[in-house]
Amino acid sequence: MFKFDPADVEKRMKLCEALFQVLDKGTQTSCQIMCLEALRILSRDKKVLVPVTTKKNLQILMRMAKLDLQLNSLGEVKDFPVVVEALKCLCNIVFNSMEAQKLSLELDLADLLCGLLGKCKDQRMVNDIRCFALRLLFLLTLLHTDIRARLKQELQGLPLLTQTLESILGIQWAEKYQTVTEINLPPLSVQETDCTIEALKALFNVTLDSWNVHCESDAHQFRYLTAILRHVLLSKAPSADKTEELHSNTVNLLSNVPVSCLDVLINPFNKEMSANNNDMDMEAIQVILNFMEKRIDKGCSYREGLTPVLSLLTECSRAHRPIRKYIKAEVLPPLKDVSNRPEVGMTVRNKLVRLMTHVDLGVKQIAAEFLFVLCKERVDSLLKYTGYGNAAGLLAARGLLAGGRGDRWYSDDEDTDTEEYLLAKPNINLITGHVEEPLPNPMDEMTEEQKEYEAMKLVNMFDKLSREELIKPMGVKPDGTMAPLEETLHSQRAKDSSSDSD
């Protein structure tokens with residue numbers, strides 16, 4: 001029930017007050033659960049919450065949720081449903097009430113939740129408690145940036161939440177930063193999946209702005225977390241939709257991990273083989289690539305659903321050569337058939353090239369940047385796979401319209417072209433990126449006078465459009481950036497006169 005009759009608002013307020021009075025006095029467990037379930041439903045109504053959201057009432061719920069640092073344990077198992085229902089009520093009240101959000105700071109709710117999670121760490125049958133404690137912690141860190149900072153620095157939120165995630169999944173370690181992953185592992189239960197997702201969301205808020213690693217202990221903590229996230233990527237949920245949600249939250253969290261720590265995503269099959277890139281275990285990277293393609297195929301909400309995974313793959317490829325080589329082999333394999341435009345088809349390359357001209361600027365930029373990094377930021381290599389027309393936006397923004405390469409250094413290993421591509425290369429249209437059927441030249445049957453007339457007609461049309469400022473003629477400066485034509489011509493004359501004087 002989420003919709004309430006406005007005429008009964010007074011009755012609901014009185015009912016809320018009566019429920020809090022019963023809970024405050026104490027009663028049987030079954031009665032407590034019934035009262036809390038009713039209160040959970042009523043707490044969805046914002047109008048009812050205004051008078052009942054008091055410090056005393058919140059403290060009643062906190063006591064029932066075992067949010068007390070003086071308690072050494074969670075008590076008896078039969079009391080766990082009361083703890084869960086009290087946490088659910090607190091989630092609703094904090095989410096719907098501004099007053100409750102202010103009181104949560106005064107009552108140190110985040111500190112108490114960390115204490116509760118610590119008590120849950122090594123106990124079984126507590127996933128429901130963990131799930132709603134994590135959800136409440138996520139809400140607090142979402143609504144209060146100061147709680148987020150305090151949780152990260154003073155309350156050691158990153159190690160605590162990482163250990164909580166490890167406990168939920170029952171992870172065993174094969175060696176440092178490498179979990180034991182069994183073949184044909186059964187899917188996670190619904191409860192484990194929901195609990196894992198809540199932990200990932202809370203960790204996301206705690207790790208925001210964590211691009212730089214300031215000390216060795218930070219690096220260890222993030223590598224430890226990345227190893228667990230790799231385990232999550234290789235896990236499955238009870239349904240395809242839940243698996244996608246699980247992987248989505250994992251990708252979002254990986255985007256917060258310092259890129260230098262993401263090497264843990266690829267494990268050598270054994271230490272002797274670690275020097276050979278071909279013997280790296282790229283299973284987690286393949287899962288991320290599959291997830292990216294699913295998001296592209298959805299065809300909607302690209303900014304929220306697709307840009308995080310593209311950004312993650314771009315940074316991984318930029319920083320880690322083995323990952324870049326693997327992804328390039330999957331996304332941009334050696335070209336054979338160049339009879340179709342790069343954006344036509346159903347391969348991952350075709351889908352990404354289509355995104356290079358997407359209406360959403362953010363989506364267009366990150367898709368182009370991803371392909372550019374896979375090409376080691378070399379313009380000639382990018383144009384081979386995309387055509388000049390699709391890549392023009394990126395090249396103009398990077399000042400590379402005249403060719404060249406980006407600022408970052410990459411290894412010198414060369415691309416190998418197939419025989420089919422080398423045979424077709426002289427006939428490829430550089431603008432469209434494919435071999436076009438030769439078209440008859442319309443000027444072949446014109447006289448010289450007709451050619452001159454058509455040329456002057458075209459010049460006059462451009463001149464009129466330019467004078468009316470409907471278009472602005474542009475040129476490419478020596479540094480590869482675009483500028484008004486007059487400016488580029490002036491730069492060229494200055495360069496020519498300088499070379500003459502020499």
Side-chain angles (χ1 to χ4, degrees), residues 165 193 196-197 199-201 203-205 207-211 222 225-237 240-266 281-320 322-332 346-375 385-386 394:
L165 182 59
T193 304
T196 300
I197 288 170
L200 293 171
K201 285 158 63 177
L203 275 162
F204 178 83
N205 284 351
T207 55
L208 279 171
D209 307 319
S210 297
W211 286 96
F222 278 111
L225 173 61
T226 304
I228 296 173
L229 296 180
R230 182 180 183 277
H231 183 94
V232 177
L233 285 172
L234 301 182
S235 302
K236 285 187 170 57
D241 287 344
K242 270 294 180 184
T243 300
E244 185 175 348
E245 185 183 358
L246 184 68
H247 290 171
S248 176
N249 282 285
T250 307
V251 165
N252 290 344
L253 180 51
L254 281 168
S255 300
N256 286 351
V257 173
V259 72
S260 60
C261 300
L262 293 175
D263 55 347
V264 177
L265 287 173
I266 53 171
D281 183 355
M282 295 287 180
E283 194 176 357
I285 300 298
Q286 187 59 55
V287 170
I288 299 173
L289 281 172
N290 294 342
F291 173 78
M292 175 198 73
E293 190 170 7
K294 283 181 187 174
R295 284 294 166 96
I296 294 174
D297 292 342
K298 274 193 169 182
C300 62
S301 303
Y302 279 158
R303 180 172 283 272
E304 298 80 14
L306 181 62
T307 52
V309 65
L310 280 176
S311 178
L312 173 64
L313 289 171
T314 301
E315 293 307 317
C316 281
S317 301
R318 187 177 272 129
H320 302 289
I323 294 178
R324 177 180 55 76
K325 287 188 73 176
Y326 178 82
I327 293 176
K328 185 177 181 187
E330 294 294 312
V331 174
L332 300 176
M346 293 307 295
T347 67
V348 183
R349 166 183 163 242
N350 302 142
K351 295 171 184 178
L352 286 165
V353 172
R354 284 198 288 273
L355 290 178
M356 293 176 78
T357 52
H358 195 270
V359 292
D360 188 306
L361 184 61
V363 174
K364 176 168 67 174
Q365 287 175 337
I366 191 60
E369 186 74 14
F370 176 47
L371 292 175
F372 193 42
V373 168
L374 292 184
C375 295
Y385 288 103
T386 68
L394 172 79

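Nothing here was measured: the structure is a model prediction, and the numbers come from that model.
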Item to complete: Indicate the atoms forming the closest heavy-atom contact of P308 with N252, along with that distance.
Response: CB-OD1, 3.5 Å
Item to complete: For S301 and E304, indicate whether the former's side chain and the latter's backbone hold a donor-acceptor pair under 3.5 Å.
Response: no
Worksheet entry | Side-chain donor/acceptor of H247 to backbone N/O of K236, under 3.5 Å | no
Worksheet item: Between L355 and Y302, is any pair of side-chain heavy atoms under 4.5 Å apart?
Response: yes
Practice prompt. Please name the pair of heavy atoms, one in M292 and one in L310, separated by the smallest distance, quoted to 0.1 Å.
Written response: SD-CD2, 3.6 Å
Worksheet item: Taking the side chain as C-beta and beyond, is there a heavy-atom pair between L312 and I288 under 4.5 Å?
Response: yes
Worksheet item: Does the distance from a Lys or Arg side-chain N to an Asp or Glu carboxylate O, for R295 and E244, drop under 4.0 Å?
Response: yes
Worksheet item: Is there side-chain contact between V373 and L313, with at least one heavy-atom pair below 4.5 Å?
Response: no
Discussion item. Would I327 and F370 count as a side chain to side chain contact (heavy atoms under 4.5 Å, CB included) here? Give the steps.
Written reply: CA-CA 10 Å; I327 293 176; F370 176 47; 3.7 Å; yes
Response to the item:
Closest non-hydrogen contact found for G362 with D360 is N-OD1, 2.9 Å
Fill in: No-hydrogen, no-angle side-chain donor-acceptor test under 3.5 Å, Q286 and N290
yes
Worksheet item: Given V264 and F222, is the side chain to side chain contact (heavy atoms under 4.5 Å, CB included) satisfied, shown in steps?
Response: CA-CA 10 Å; V264 177; F222 278 111; over 6 Å; no
Practice prompt. With side chain to side chain contact (heavy atoms under 4.5 Å, CB included) as the test, would you mind laying out the steps for I266 and Y326 before giving the verdict?
Written response: CA-CA 11 Å; I266 53 171; Y326 178 82; over 6 Å; no
Fill in: Side-chain heavy atoms of T196 within contact of T250, under 4.5 Å
no
Fill in: Audit row: R354, I296, side chain to side chain contact (heavy atoms under 4.5 Å, CB included) steps and yes/no
CA-CA 10 Å; R354 284 198 288 273; I296 294 174; over 6 Å; no
Item to complete: Keeping the roles fixed (side chain from R230, backbone from L265), state whether a donor-acceptor pair exists under 3.5 Å.
Response: yes
Practice prompt. State which residue, out of V259, N249, V309, L229, fulfils the side chain to side chain contact (heavy atoms under 4.5 Å, CB included) condition with L254.
Written response: L229
Fill in: Atom of T243, atom of S235 and distance for their closest heavy-atom approach
CG2-O, 4.5 Å
Worksheet item: At their closest point, which heavy atom of F204 faces which heavy atom of N256, and how far apart are they?
Response: O-ND2, 3.0 Å
Worksheet item: Sub-3.5 Å donor-acceptor pair from the side chain of H358 to the main-chain atoms of K364, do we have one?
Response: no
Worksheet item: Would you say S311's side chain and T307's backbone share a donor-acceptor pair under 3.5 angstrom?
Response: no
